[in-house]
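Remember, it's a predicted structure, so these values are computed and weren't measured experimentally.
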Protein chains: 2
Amino acid sequence: MSLHSPETGTDAAPRRGRGRPRKTADERDDGNRRQDLLRAAARLFRSQGFAATSTRDIAAAAGMRSGSPFYHFDNKEALLAVVMQEGMESATARQAAAMERSTTGLRRGQTLSAREALRVLVRNHFDVLLGPDSDFIPVMLYEWRSLSEAQRIEVKRLKDGYEAVWVPVLQALHASGELQGDPALSRLMIFGALNWSVQWFDARRKATLDDLTEAALQLFLKEAK
Amino acid sequence: MSLHSPETGTDAAPRRGRGRPRKTADERDDGNRRQDLLRAAARLFRSQGFAATSTRDIAAAAGMRSGSPFYHFDNKEALLAVVMQEGMESATARQAAAMERSTTGLRRGQTLSAREALRVLVRNHFDVLLGPDSDFIPVMLYEWRSLSEAQRIEVKRLKDGYEAVWVPVLQALHASGELQGDPALSRLMIFGALNWSVQWFDARRKATLDDLTEAALQLFLKEAK
DNA sequence: CCTACCGATCGGTAGG
DNA sequence: CCTACCGATCGGTAGG
C-alpha cells in the first residue's frame, strides 16, 4: 500500500500548490526505512522475480519516490544481495534457536535422536519457506542467477552454514539405516523436496506445515534397524 | 553464435554499400527458422530468465535482426508459452515411449512392477530435465509466473497429462507399503526432489543420471512388505 | 524476414 | 529522502 498516488508519466509531475502531504511522525525516518525497502523488495522479488521488478515498484511499495532507494542502496543488485543475506542470517538464527529449544526440553542425560533432530530441522525449514515473513529465503532460492559472482560467494557461505547443521544429522540417520543411499545426494534431494513447496503450497488449503513435515519424514526415512 | 555482427546503438546503423552478406542456401527458410527461435529462446530463458532476456538477444542467437521474431510470434509471451508447450509435448511423448519400451521388453504374461515403473519414470524425467536438448522443461518449471492466466491453463493441462502417468504407479507403491504417507504429498515432494536437480546438477561432475535415479529410489522407497 | 523507427520504461544521478 | 532529469534499452510495428 503506497502512501502516495502513483507517479504518472514522467515522475516530474508538476503538483505545485500545497504539494504532497507531510509524513506523520511515526512514518518518518525511525531508521527503519531501509528495512521497509528490504521487505518490499523481498515481497516483489518473490512474486514477480528480480528482473521483472522495477526499483520504482519497490520505492512505491515502501512509500517512497523513484530515486530514493538509491539513497539506501548502491544499486538494484545490492538490494537483492542484502535481501538474501538478511534472509539467510535470520533463517540460520531461527534454526539454531529451534534446535536449542528441542535440546533443552530433554531430561538430563537424554539426547535428541537423529530422527527427532531431522523433524525439527524440516519443520523449521518449512516455516522459513512458507511461514509469516517468508519472502527472503524463496528469493534466495529462486533468484540465484541474478547475483553477481562476488555476491554469490558471500551468499553461498551463509547457505553452507545453514546446511552444515543438517550434515551430521543425515549422517547419523544413514549410519542407522534410516536413510539410504549416498548422503550427499540425499541431502540435495531432500532440500529439493522441501524447497519445491514454495511452488505449490497454498496456506488457504487444509495441509498445515506440521502435515508437510510428517509427510516428508515418512517419505524419506526407513525404520531403524 | 550470431551470423551478424551485433547491432550497435540504434539498430538503424547505416551500413550502406554492399550490405550484409546473403544467407547461404541451407540457412535460408527451410521452414525451421521458427524452431531456431524456439531453441534459442529456451536456452536464454533457462540461463537468464524470461524477463532478463530481450527479444533482441533471442533474435541475435537465431541469426536474425531485432524485429524478426515478431514475424513468427505475436509477442514475447507467446514465445515463452510455445517453448513450454512444445517442451511438455515432447516430454510426454518421450515418457510414453520409455514406458512402452520397458513393457515390451518383458516376457509374455509378465508385468512391469511398480518399482520398475517408477525407475523408468524417474530416469526419463532426469533425462528430460538434464539431458541433451533439455532447456524447455526447466523453463516451464521456473518461469511459470511469467505466463498469462490463459496460457497457464493450457500449460497446466499438458503438465497434468504428464503427471497422470505417475499417479497409478505411486498408488501401487503406497498399497504395497513401499511408499509411505499421503500419496498426493509424496508426489509433490518427489517432483520437488527431482526438479531441484536443475539447480545443482553439473554434467561435468562424476554423478550420472543413472546414479541420480538410483539415489532417488533409495531415498523414497521402502522394502516391500 | 529486414529497415527504420516509436513510445514507454528503466536504472541511476546531481543537487538540494 | 525528493525533484527533475538523462541515456540506454526494450517490446513492438509499418512498410517493403
A/Lys76 NZ to C/dT13 C1', in whole Å, measures 17 Å
Note to self: Distance alone, cut at 3.5 Å: any donor-acceptor contact between the side chains of B/Gln151 and B/Gln85?
What the structure shows: no
Per atom distances to the A/Met64 side chain, the nearest of D/dC2, C/dC1, C/dG12 is D/dC2
Testing C/dC1, C/dC10, D/dG11 for proximity to the side chain of B/Arg56, the answer is D/dG11
Here the distance between atom P of D/dG11 and atom CG of B/Leu44, to the nearest Å, is 12 Å
When both distances are under 3.5 Å in a Watson-Crick or G-U wobble arrangement, the nucleotide paired with C/dG15 is D/dC2
Determine the contact category for B/Ser54: base if any of its heavy atoms lies under 4.0 Å from a base atom, sugar-phosphate if only primed atoms, P, OP1 or OP2 are that close, otherwise nothing. sugar-phosphate
Sorted by position of nearest nucleotide on DNA chain C, 5' first, the leading residue of A/Asp74 and A/Asp57 is A/Asp57
Check: Is any side-chain N or O of A/Arg33 closer than 4.0 Å to OP1 or OP2 of D/dC1?
Finding: yes
note: A/Arg34, atom CZ; D/dC1, atom P; distance rounded to Å ~ 12 Å
To the nearest angstrom, the CZ-P distance between B/Phe73 and D/dT13 comes to 15 Å
Winner on side-chain proximity to A/Ser68, out of D/dC2, C/dC1, C/dC5, is D/dC2
A/His72 NE2 to C/dT13 C1', in whole Å, measures 16 Å
Separation of D/dG11 atom P from B/Glu77 atom CD, nearest Å, is 12 Å
Does the gap between the ring centers of A/Trp144 and A/Phe45 come in under 6.0 Å? no
Whole-Å distance, B/Arg65 CZ to D/dA14 C1', equals 17 Å
*Assign the ring pair B/His125 / B/Trp166 to parallel, tilted or perpendicular, where the plane angle (0 to 90°) is split at 30° and 60°.*
perpendicular
* **Check: A/Phe70 and A/Thr55 side chains under 4.5 Å, non-hydrogen atoms** => yes
Here the distance between atom P of D/dT3 and atom CZ of A/Phe70, to the nearest Å, is 16 Å
Mind telling me whether A/Tyr142 and A/Trp196 have parallel, tilted or perpendicular rings, with 30° and 60° as the class edges?
tilted
